[in-house]
Amino acid sequence: MPFIGVDRIVFPGEDGKGHSRTALKMRNILFAALLAGTATAAPAANAPVFGPWGVSLDYIDAGVKPGDDFFRYANGGWLKNAAIPSDRTAAGVNLELDQGNEAKLKTIVAGLEEKLLADLNPEERKLRDFYDAFEDVKGIDAAGLAPAKADLDAIAALKSLPEVAAFMASQALQVGGPIGVYISTDEKNPSAYAVQLYQSGLGMPDRDYYLGKDKELAATRTAYQKYLMQMLLLAGVKDPGHRAPLVYRLEERIAAAHWPAQDRRDADKTYNPMTFAALEKYAPQFPWGEFFASAGISRRGKSGERVVIAKENTTLPRLAAIFATTPVPVWRDYLTVRYLHQFADELPTAIDDADFAFHGTVVKGQKAQLPRDLRGIHLLDDNIGEALGKLYVAKYFSPEAKAKATDLVHNLLKAYEADIGTLTWMAPETKAKALEKIRHFMPKIGYPDTWRDYSAMVILPHQIVADVKNANSFEWNRELKRIDDPVDRSEWGMTPPTNNAYYNPTLNEIVFPAGILQPPYFDPNADDAVNYGEAGATIGHEISHGFDDQGSKFDAFGVLKNWWTPDDRKNFDARTDNLAKQYDGYTPLPGLHINGKLTLGENIADLAGLVIAHKAYGIAENGKAVPVLNGFTGDQRFYIAYGQSWREVWTDGRTRSIVLSNPHSPAKYRVNGVVRNDDGWYQAFGIKPGEALYLPPEQRVRLW
């Protein structure tokens with residue numbers, strides 16, 4: 001996977017799968033933060049009532065000292081009664097925002113359903129037909145496996161390893177295999193696209209699920225082996241009890257060949273260009289010709305032999321060897337299970353339920369699926385999201401909201417620029433490069449200037465499997481068609497309705513879709529302290545990704561290139577190493593430690609973003625007298641707002657999945673682990689030695 005900075009991590013669809021835009025585009029953007037907004041939609045169930053200045057005072061637990069547990073101090077009143085709904089893996093602010101956003105999208109789709117077909121434009125007709133096909137559960141169940149028969153027959157007919165590799169590369173099906181492919185910006189030539197290869201092929205979230213010693217992981221492995229057998233049985237294969245263990249052992253070998261998650265986010269380690277010819281010599285046991293031909297990728301580009309970027313390069317020979325030494329019948333069973341998983345939502349209820357029972361309940365702790373109508377909403381957003389987004393922003397995101405959000409982003413950039421100018425630990429030549437980078441940041445706010453053209457996407461009424469395949473093909477062909485063209489710098493990696501924020505280092509851009517620019521994260525009517533503590537910290541977080549341990553390796557123009565003096569880089573790395581060591585000591589579940597190196601980029605962005613947002617708040621107040629409200633100073637309101645922006649609880653399964661494989665820390669540590677390094681927080685609440693979160697000044701990590 002490429003490196004990219006993002007904000008929050010939730011699972012809006014809660015199904016562990018994605019099609020088309022998600023499956024392809026999120027290979028380019030490490031899936032992040034999906035926040036849902038509330039705005040003017042109907043309020044979500046159990047939505048909080050915020051106080052006169054933008055936070056809920058009832059959520060504060062005055063019985064907890066801020067210096068002992070600031071997360072609980074800000075949210076303890078809510079935590080006492082927090083309950084995770086059966087169809088979700090978390091409760092809290094993200095869920096409330098998600099529900100509000102879902103309510104908006106449901107209103108939009110309901111409006112399409114109410115219109116006469118003749119009154120719908122082509123995009124609206126595609127949205128309606130796609131949604132209706134997905135919602136037709138009776139029709140899906142009645143059809144059984146007939147819509148999948150041609151694909152399953154194709155798997156059963158595979159007779160050679162080259163045929164297996166070609167099937168794995170099918171972008172209409174996206175079942176994948178041990179080696180995945182996508183098209184993205186070349187990190188050392190960001191004006192061009194490049195073919196990127198990455199390790200893949202596991203049915204569980206990460207290699208540690210196969211190799212870890214945790215007893216909970218052992219139980220998950222047992223459940224997964226039962227799941228493999230069940231899926232083969234549902235596919236109608238003979239003797240699944242004998243064949244399922246062979247699939248599991250195959251995946252176990254793949255997992256052992258994979259890089260650990262923390263290494264996969266290293267921008268230097270994962271940039272390994274080689275020509276097709278060099279790739280064939282490097283990993284000769286894999287049929288690259290058939291693989292790339294199936295994906296439609298030619299050996300030659302406009303300037304000669306095509307160069308591919310191998311992300312986890314040293315895995316390729318090992319994965320190629322596994323591929324070559326695995327019998328074709330085992331690969332057929334492996335692909336059958338992956339196919340049923342990929343299309344479980346669109347196949348009969350028995351398959352859908354069996355798939356969810358493992359991936360939703362066992363892995364994430366989710367007790368029930370989302371209602372079908374909400375799953376349909378997420379399917380539209382994943383596959384034809386800019387058509388849906390066009391309707392979304394017209395109804396729920398005003399030009400005034402965009403203008404105010406743009407002003408806030410610019411204020412944060414100004415604060416960052418001012419901060420860099422005052423740094424004492426950075427040499428003038430490095431500082432000049434950092435300032436150049438800030439001045440070249442490209443903000444994108446709300447929605448794209450040019451909407452995607454979906455006229456080539458074919459959506460057929462009542463043919464949901466075919467529709468998903470067509471959507472997959474549409475997105476891949478769109479990217480394939482421009483593979484040798486200059487990079488489209490105007491493109492968005494997320495759709496406007498999805499609540500998300502990200503930093504893309506190769507374009508040096510920070511992107512804030514309309515979905516995140518909603519109360520309580522951004523509310524023009526809230527107290528400035530609250531807006532800066534919530535939206536400001538989020539904006540600061542994304543800006544800070546440009547200067548975290550990996551984003552800092554890209555220059556002002558998006559080139560993966562060292563722009564630091566040796567001493568400055570050594571100083572910076574020593575500071576961030578200390579932050580990683582702090583997070584290594586946190587244990588969200590008994591015996592399960594946060595990996596400080598894996599989460600380092602996000603932890604840096606959290607800390608730097610909060611510090612910069614606080615400075616921006618001070619600049620905005622411009623020395624004027626800030627009133628005390630409900631007994632809280634402006635600075636206290638700023639930090640309380642930040643603490644409540646992470647008000648959340650997760651299932652144990654979700655916690656384990658994220659800690660083992662995701663670069664984000666659980667919410668509690670995105671508060672407590674951050675504020676204890678922020679001098680402004682100590683001053684705001686008078687934090688003293690002896691309190692649990694207190695760090696002596698010399699032990700606090702200071703970056704920007």
Side-chain angles (χ1 to χ4, degrees), residues 1 6 8-11 14 16 30-33 68-72 75 79 82-84 88-92 94 202-225 251-252 255-256 258-265 358-367 576-607 646-677 692-693:
M1 295 286 188
V6 291
R8 297 168 186 266
I9 178 72
V10 303
F11 297 99
E14 297 286 11
L30 281 179
F31 189 69
D68 284 339
D69 186 341
F70 192 67
F71 177 78
R72 185 163 290 277
N75 301 303
L79 288 168
I84 299 172
R88 309 284 179 153
T89 60
N94 280 325
L202 300 180
M204 291 192 285
D206 186 73
R207 69 194 295 272
D208 287 345
Y209 277 77
Y210 298 82
L211 309 175
K213 306 300 183 184
D214 188 308
K215 68 177 183 179
E216 295 294 335
L217 294 180
T220 303
R221 287 193 284 270
T222 298
Y224 183 57
Q225 292 175 69
E251 290 192 24
E252 198 172 39
H258 275 198
W259 283 13
Q262 69 187 58
D263 292 336
R264 300 184 69 199
R265 58 177 300 275
F358 176 74
H359 290 284
T361 301
V362 174
V363 174
K364 296 177 187 172
Q366 185 179 341
K367 297 176 183 177
T576 58
D577 283 347
N578 287 335
L579 190 64
K581 290 174 183 175
Q582 286 184 21
Y583 279 79
D584 281 340
Y586 300 142
T587 53
L589 294 174
L592 183 67
H593 286 260
I594 291 176
N595 182 337
K597 287 293 187 182
L598 173 60
T599 59
L600 183 56
E602 297 300 325
N603 299 335
I604 290 171
D606 283 343
L607 174 56
W646 291 110
R647 172 177 51 82
E648 196 162 54
V649 291
W650 297 351
T651 63
D652 286 355
R654 176 176 175 164
T655 300
R656 183 171 290 102
S657 177
I658 289 176
V659 170
L660 289 175
S661 61
N662 193 280
H664 297 80
S665 299
K668 174 181 177 180
Y669 305 99
R670 300 188 75 169
V671 177
N672 288 349
V674 172
V675 294
R676 66 191 316 222
N677 289 289
L693 295 180

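Along the sequence shown, the residues carry numbers beginning at 1.
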Of all the heavy-atom pairs spanning Leu693 and Phe70, show the shortest one and how long it is. CD1-N, 3.6 Å
Where is the tightest heavy-atom contact between Thr655 and Pro588, given as atom of each residue plus distance? CG2-CB, 3.8 Å
Can you tell me if Asp208 and Ser661 form a side-chain donor-acceptor pair at under 3.5 Å? no
Can you name the closest pair of heavy atoms from Leu202 and Arg207 and give their distance? CD1-N, 3.7 Å
Would you say Thr576 and Ile604 make side-chain contact, with heavy atoms under 4.5 Å? yes
Go through the steps for Leu589 and Asp652 under the test side chain to side chain contact (heavy atoms under 4.5 Å, CB included), then give the verdict. CA-CA 8 Å; Leu589 294 174; Asp652 286 355; 3.4 Å; yes
Tyr669: side-chain hydrogen bond (donor to acceptor under 3.5 Å, both in side chains) partners, not counting sequence neighbours: none
Could you tell me if the side chain of Ser657 sits less than 4.5 Å from the side chain of Asn662, heavy atoms only? no
To the nearest 0.5 Å, what is the distance between CZ on Arg670 and CG on Asp606? 4.0 Å
SB check Asp577 Lys597 (cutoff 4.0 Å): yes
Distance only, no hydrogens: is a donor on one side chain within 3.5 Å (strictly under) of an acceptor on the other, for Trp650 and Glu648? yes
Nearest 0.5 Å, please: how far is CZ in Arg654 from CD1 in Ile84? 8.5 Å
Side chains of Asp69 and Asn672 only: does a donor on one sit below 3.5 Å from an acceptor on the other? yes
Nearest 0.5 Å, please: how far is CG in Leu211 from CD in Glu252? 7.0 Å
Please report the interatomic distance CG(Leu598) to CG(Asn603), rounded to the nearest 0.5 Å. 9.5 Å
Just jot down the ring-ring contact (aromatic ring centres under 6.0 Å, His included) partners of Tyr224, sequence neighbours excluded, or say none. Tyr227, Phe358
Are any non-hydrogen side-chain atoms of Asp214 and Arg656 less than 4.5 angstrom apart? yes
Does any part of the side chain of Leu592, heavy atoms only, come nearer than 4.5 Å to the side chain of Thr587, both counted from C-beta? no
Looking at side-chain heavy atoms only, is the closest gap between Tyr210 and Glu251 below 4.5 Å? yes
Is there a side-chain contact between His359 and Met204 in this structure, where contact means two heavy atoms from C-beta onward sitting under 4.5 Å apart? no
Would you mind reporting whether Leu660 and Pro205 have side-chain heavy atoms less than 4.5 Å apart? no
Do Ser665 and Glu602 have side chains that get closer than 4.5 Å, going by heavy atoms? no
In terms of side-chain heavy atoms, does Gln582 have a donor or acceptor partner in Asn677 at a distance below 3.5 Å? yes
Once you round to the nearest 0.5 Å, how far does CG of Asn75 lie from CZ of Arg647? 6.5 Å
Identify the two heavy atoms, one from Leu600 and one from Arg265, that lie closest to each other, and give their separation to 0.1 Å. CB-NH1, 4.2 Å
Arg676, CZ atom: more than 12 neighbouring heavy atoms under 6.0 Å: yes
To the closest 0.5 Å, what do you measure between CG (Leu79) and CZ (Phe71)? 5.0 Å
Considering all heavy atoms of both residues, which atom of Val659 and which atom of Pro666 are nearest to each other, and what is their separation? CG2-CG, 4.0 Å
Looking only at heavy atoms, what is the nearest atom pair of Leu217 and Gly212, with distance? CD1-CA, 4.0 Å
